[in-house]
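Input: a single structure, listed below in structure tokens.
Within every chain, numbering begins at 1; the chains are lettered A, B, ... in the order of the sequence lines, protein sequences first and strands thereafter.
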There are 2 protein chains.
Amino acid sequence: MNFSKQRELILHALTQNPIHPTADKLYELIRPFMPTISLATVYRNLNQLVDNGIIRKISGLDGSVHYDHCVEKHYHFICTCCNKVYDVPYDVAQDLEQKLKSLTGLEAQSSDLTFKGICSVCQKSKKGD
Amino acid sequence: MNFSKQRELILHALTQNPIHPTADKLYELIRPFMPTISLATVYRNLNQLVDNGIIRKISGLDGSVHYDHCVEKHYHFICTCCNKVYDVPYDVAQDLEQKLKSLTGLEAQSSDLTFKGICSVCQKSKKGD
DNA sequence: ACTGATAATAATAATTATTATCAATTTTAT
DNA sequence: ATAAAATTGATAATAATTATTATTATCAGT
């Protein structure tokens, strides 16, 4: 992977906006700084960054894929009401790959744990109605 | 939900083909038995069955969503080589929602754990080359 | 500084996946 | 049997992603 301004911007936008954005949201975030950037470039770079283990994909939300700049092990909580993605600390479940191997023999390179529910913000606003 | 032949067939195809198929794959599987069924009907019914907790969605594979007839708690292993989806028994990780709550306070309605790696079939065939 | 090889880009077309629309048909409860 | 509600097939519309193509940027080696 060579250096490119576009890739820098995408990575920077991901790091500065820990909102687990989609490719499209990133495109929006970056355009003010580089109006000429192409959506295809965003997609291409995101895929490359994922392939190189620099960022992570989060799927599970309906429709589009979200991205996460944080490589440290952690999980996600998706609010089914506001669709926000929250981080969940690693100690909720540890060494899952190891347990998988000892129980089934399968060797996983990665694991992805995602919870779904209603976040506290949405629970409060619902009560307030 | 009313009864309909189409829904019966979709559910039956899912149960008889534990390959975690996509909507499109199910369409293929069903057409020999009912050539007039519409792809839209397949999508519509899958969504309804998911909403009623009769089947489950599996996302995480690139592209399309896969479906699982089994409602019993279990997880998945996706082979990055052949793209097959294997079932992983529940005892690999138990009571995750409870641990989430006690550690973070978040209340999850569901959790989804997916491993990725290369299955034994693909590992063997690679060695054989 | 210049060059060739390669990688990356913008713009857009193409593809794939899914949902919405709607008139016609089927199912269910009366 | 019949009316209301639900479901269907066909297709259009939308959304998400990937592929294409001509052009431009990067970088190691002159």
When you check the phosphate oxygens OP1 and OP2 of C/dA7, does a side-chain N or O of A/Q48 lie under 4.0 Å from one of them? no
Quick one: is C/dT19 close enough that its OP1 or OP2 comes under 4.0 Å of any side-chain N or O from B/N47? yes
Are A/H20 and A/H69 near enough that their ring centres are under 6.0 Å apart? no
Between D/dA10 (P) and B/I37 (CD1): distance, integer Å: 11 Å
Within this structure, what is the CD-to-P distance between B/Q6 and C/dT26, rounded to whole angstrom? 10 Å
For A/E8 and C/dT9, give me the distance from atom CD to atom P, rounded to whole Å. 12 Å
Is the charged tip of B/R7 near the ring of B/F3: under 6.0 Å from the six-membered ring centre and within 45° of its axis? no
Can you check whether A/N45 has a side-chain N or O nearer than 4.0 Å to OP1 or OP2 of C/dT9? yes
For B/T22 and for B/F3, find the nucleotide of DNA chain C with the closest heavy atom, then tell me which residue's nucleotide is more 5'. B/T22
Using a cut-off of strictly less than 4.0 Å, decide whether B/R7 has a side-chain nitrogen or oxygen near OP1 or OP2 of D/dT7. yes
Rounding to a whole Å, what distance do you find between B/L39:CG and D/dA10:P? 11 Å
At less than 4.0 Å, is any side-chain N or O atom of A/T41 found next to OP1 or OP2 of C/dA8? Yes or no. no
Tell me: CE of A/M34 to C1' of D/dA25, nearest whole Å? 11 Å
Can you tell me how far P of C/dA17 sits from OH of A/Y43, to the nearest Å? 14 Å
In terms of side-chain heavy atoms of A/S64, which of C/dT18, D/dT17, C/dT27 is nearest? D/dT17
More than 12 heavy atoms from other groups under 6.0 Å of CZ on A/F33: no
Rounding to a whole Å, what distance do you find between A/I10:CD1 and C/dA8:P? 12 Å
Atom pair NE2/CZ of B/H66 and B/R56 - distance to nearest 0.5 Å: 14.5 Å
Along DNA chain C (nearest heavy atom to each residue), the more 5'-positioned of B/M1 and B/A40: B/A40
Over 12 non-hydrogen atoms of neighbours within 6.0 angstrom of CD in B/Q109: yes
Nearest whole Å is fine: how far is D/dT11 P from B/R44 CZ? 14 Å
